[in-house]
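See structure below.
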Amino acid sequence: MEVRMNRALEILKERGFVQQCTDEAGLSAALDEGPVTFYVGIDPTGPSLHIGHMVPVFALRHMREAGNVGIALLGGGTARIGDPSGKTETRKMISYAAIDANAELFRKQLDAFVRFDDRTAFAANNKDWLANLNYIDFLREIGSHFSVNRMLSFEAYKIRMETGLSFVEFNYQLLQSYDFLELWRRHGCRLQIGGDDQWGNIVAGIELIRRVEGAECFGLTFPLIMTSDGKKMGKTEKGALFLDPSMTSPWDFFQYWRNVTDADVERFLLLFTFLPVEECKALASGDINAAKARLAWEVTAIIHGKDAADQAREAALAAFGGSGDIAKIPSRVMSRTEIAAGIGVLDLFVLAGLASTKSEARRLVQQGGAIVNDTRIEDEKATIDGRWIVEGALLLRAGKKRIFRIVVE
RNA sequence: GGGGAGAUUCCCGAGUGGUCAAAGGGGGCAGACUGUAAAUCUGUUGGCUAUGCCUUCGAAGGUUCAAAUCCUUCUCUCCCCA
């Protein structure tokens, strides 16, 4: 007999967010009693959030929608250490200055997505309490509650027993546990959510709070999102799918979702959009190709705004559908005299960013993937000049997926 | 502190004096097939002023006509002993 579950929790489950929970019934009851303050931690290890960071943040929005209070904890302190969880190798140490700069960038991106109001959602930085900890005091007060024997039994460390684990990284769990305790003390935070690789760290935090404060807290993890063909989610040819438009353009962002595997469409609609569950399911069971277009638009609109999403859609239609607005395709401007003088195809493709070196461009031509204005270029020595300009532009294609426009002025 | 193993191209991983820009696999890219999907097959995968030239096999030196391969020193990683 299924017990009635709290609505917020139920929504997360329905949408595929829940992987593990320390005490589902207990958490459900706590949520029923009233607003629960919860947190999600993100270490600012790079200059931009990427889509891999976002599942817990989407969950944060759902939870907040249901009336709970969400804290986005920037790991300005923990990033100085590096979390070994889920990694097979030691992460490179990052300079303090870079971490602080990253943290500020992350905070802005999160604010744009979450819209902190300092009441139902706000950001914190664990640098505030971790950076100046006294080592001896910390060992006595916190370290004494951790059993090395038990820590070693966690999966995250077992993996690293093979490849090596430095003492610095081994301490990460204590710091994250201390974060939870600190947030409990400061804000009455009772729930930590995060990716499933955080399970060990989350459980450790809950145990610490129980021992030190005698309070019962909860943990909830989300599945690590893989594409159905087993790859890490959100990877493009150029690397991760970043939220920063200067690192991953809205066009590339849109195309990523537009090209998702059939089997992932429903899951991604549920996780990365706010469309009602029924609608997600209906879309995915209908015209799958149309569902992908919808998915791409929705996610792009959420991250980059409706205008950017519209533009990306127009560009996609122009590039692949024969309609749409050709001007929205990624482009750059070149002078008419520059083109009129004639430019080698190889140089042109490199210039357009469709090939990173001339050798790559040459390969593209040799393999029949270089197309200018619907004409396949077969001679790598071909020169493109003024005669190629059509309606004030050149349209370059590298293979079937990559397209770029040179606007001539 | 002592002993052992190791560091190869985007990743894994062969190679132990010339035939090595370096096997094989993965990933990427392109072509065919398609639905801007998946699967499959094929080709390709350091750069360039290109039948040749330059850079690359942890770093710096050295031996040699010739080194990823041999010698020296250094840096880093892992394992075992203390």
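All chains are named by letter (A, B, ...) in the order of the sequence lines, taking the proteins before the strands, and each is independently numbered beginning at 1.
For U77(B), the paired nucleotide is A5(B), the pair qualifying as Watson-Crick or G-U wobble because both relevant distances are below 3.5 Å. Pair check for A38(B) finds none; no Watson-Crick or G-U wobble contact set falls under 3.5 Å. Using the Watson-Crick or G-U wobble rule with both distances under 3.5 Å, C70(B) pairs with G62(B). The partner of U49(B) cannot be assigned: no Watson-Crick or G-U wobble pair with both contacts below 3.5 Å exists in any strand.
Here G35(B) presents its P atom at 25 Å from CH2 of Trp257(A), a figure rounded to the nearest Å. Taking atom CZ on Arg397(A) and atom P on C29(B), their separation rounds to 17 Å, with Å as the unit. In this structure, CD of Gln366(A) is placed 11 Å from C1' of G43(B), rounded to the nearest angstrom. As rounded to whole Å, 11 Å separates atom C1' of G31(B) from atom CG of Leu364(A). In this entry the distance linking CZ of Phe167(A) with P of C78(B) reads 15 Å, nearest Å. For the pair Phe349(A) CZ and A30(B) C1', the interatomic distance rounds to 12 Å; values are reported in whole Å. Between the C1' atom of G31(B) and the CD1 atom of Ile371(A) lies a distance of 11 Å, rounded to the nearest Å. Here the C1' atom of nucleotide A30(B) and the CG atom of Leu354(A) are 13 Å apart, to the nearest Å.
Along RNA chain B, the nucleotide nearest to Leu317(A) and the one nearest to Gly399(A) differ in position, and the one closer to the 5' end is contacted by Gly399(A). Checking Gly368(A) against Lys401(A), the closest nucleotide of RNA chain B that is more toward the 5' end is the one next to Gly368(A).
Counting non-hydrogen atoms under 4.0 angstrom, Ala316(A) reaches a base of the nucleic acid. In this structure, Val265(A) reaches neither bases nor backbone, as no heavy-atom distance under 4.0 Å exists between it and the strands shown. Using a 4.0 Å heavy-atom distance criterion, Gln255(A) is classed as a base contact.
Aromatic ring centres of Phe254(A) and His304(A) lie farther apart than the 6.0 Å criterion allows.
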N/O contacts under 3.5 Å, protein versus nucleotides 46-48 of chain B?
{"unit_1": "G47(B)", "atom_1": "OP1", "unit_2": "Thr357(A)", "atom_2": "OG1", "d": "3.1"}
{"unit_1": "G47(B)", "atom_1": "OP2", "unit_2": "Arg363(A)", "atom_2": "NH2", "d": "2.7"}
{"unit_1": "C48(B)", "atom_1": "OP1", "unit_2": "Lys358(A)", "atom_2": "N", "d": "2.9"}
{"unit_1": "C48(B)", "atom_1": "OP2", "unit_2": "Ser359(A)", "atom_2": "N", "d": "2.6"}
{"unit_1": "C48(B)", "atom_1": "OP2", "unit_2": "Ser359(A)", "atom_2": "OG", "d": "2.2"}

Show every donor-acceptor pair shorter than 3.5 Å between a side-chain atom in residues 282-302 of chain A and any protein atom, with sequence neighbours excluded, or say none if there are none.
{"unit_1": "Ser285(A)", "atom_1": "OG", "unit_2": "Lys281(A)", "atom_2": "O", "d": "2.9"}
{"unit_1": "Ser285(A)", "atom_1": "OG", "unit_2": "Ala282(A)", "atom_2": "O", "d": "3.2"}
{"unit_1": "Asp287(A)", "atom_1": "OD1", "unit_2": "Asn289(A)", "atom_2": "N", "d": "3.0"}
{"unit_1": "Asp287(A)", "atom_1": "OD1", "unit_2": "Ala290(A)", "atom_2": "N", "d": "3.3"}
{"unit_1": "Asn289(A)", "atom_1": "OD1", "unit_2": "Arg258(A)", "atom_2": "NH1", "d": "3.1"}
{"unit_1": "Asn289(A)", "atom_1": "OD1", "unit_2": "Arg258(A)", "atom_2": "NH2", "d": "3.3"}
{"unit_1": "Lys292(A)", "atom_1": "NZ", "unit_2": "Val260(A)", "atom_2": "O", "d": "2.9"}
{"unit_1": "Lys292(A)", "atom_1": "NZ", "unit_2": "Asp262(A)", "atom_2": "OD1", "d": "2.7"}
{"unit_1": "Arg294(A)", "atom_1": "NE", "unit_2": "Glu298(A)", "atom_2": "OE2", "d": "2.9"}
{"unit_1": "Arg294(A)", "atom_1": "NH1", "unit_2": "Glu279(A)", "atom_2": "OE2", "d": "3.4"}
{"unit_1": "Arg294(A)", "atom_1": "NH2", "unit_2": "Glu279(A)", "atom_2": "OE2", "d": "3.4"}
{"unit_1": "Arg294(A)", "atom_1": "NH2", "unit_2": "Glu298(A)", "atom_2": "OE2", "d": "3.1"}
{"unit_1": "Trp297(A)", "atom_1": "NE1", "unit_2": "Asp310(A)", "atom_2": "OD1", "d": "2.9"}
{"unit_1": "Thr300(A)", "atom_1": "OG1", "unit_2": "Ala296(A)", "atom_2": "O", "d": "2.6"}

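One P atom belongs to C10(B), the other to U45(B), and the distance between them is 15 Å to the nearest Å. Only the P atoms considered, U69(B) is 48 Å distant from C33(B), to the nearest whole Å. Between C48(B) and A21(B), the distance separating the two C1' atoms is 14 Å to the nearest Å. A37(B) and G31(B) have their P atoms separated by 12 Å, given to the nearest Å. Straight-line distance between the C1' atoms of A67(B) and C57(B): roughly 11 Å, to the nearest whole Å. The same atom, P, is picked in A59(B) and in A7(B); the two are 13 Å apart, to the nearest Å. Comparing C65(B) with A82(B), their C1' atoms sit 50 Å apart, to the nearest whole Å. A60(B) and U8(B): their P atoms are spaced 16 Å apart (whole Å).
Remark: Asp128(A) pairs with no residue by the salt bridge (Lys or Arg N to Asp or Glu O under 4.0 Å) rule, at least two apart or across chains. Contacts of Glu216(A) classified as salt bridge (Lys or Arg N to Asp or Glu O under 4.0 Å), with partners at least two apart in sequence or in another chain: Arg210(A). Every residue two or more places apart in sequence or in another chain that forms a side-chain contact (heavy atoms from CB on, under 4.5 Å) with Gln366(A) is listed here: Arg362(A), Glu380(A). Contacts of Ala59(A) classified as side-chain contact (heavy atoms from CB on, under 4.5 Å), with partners at least two apart in sequence or in another chain: Leu12(A), Phe17(A), Ile193(A), Phe222(A).
Residue Arg402(A) has a polar side-chain atom (N or O) positioned under 4.0 Å from OP1 or OP2 of A30(B). Look at Lys381(A) and you won't find any side-chain N or O under 4.0 angstrom from OP1 or OP2 of U49(B).
Side-chain proximity of Lys400(A) to the nucleotides U34(B), A38(B), A30(B) is greatest for U34(B).
Using a 4.0 Å cut-off between charged side-chain N and carboxylate O, Asp111(A) and Lys108(A) make no salt bridge.
In terms of heavy-atom proximity, Leu354(A) sits nearest to Glu360(A) at O-OE2, 4.2 Å.
Separation of atoms CZ (Arg115(A)) and OG1 (Thr120(A)) is listed at 12.5 Å; rounding is to 0.5 Å.
You'll find a donor-acceptor pair under 3.5 Å spanning the side chain of Gln367(A) and the base of G43(B), going by distance alone.
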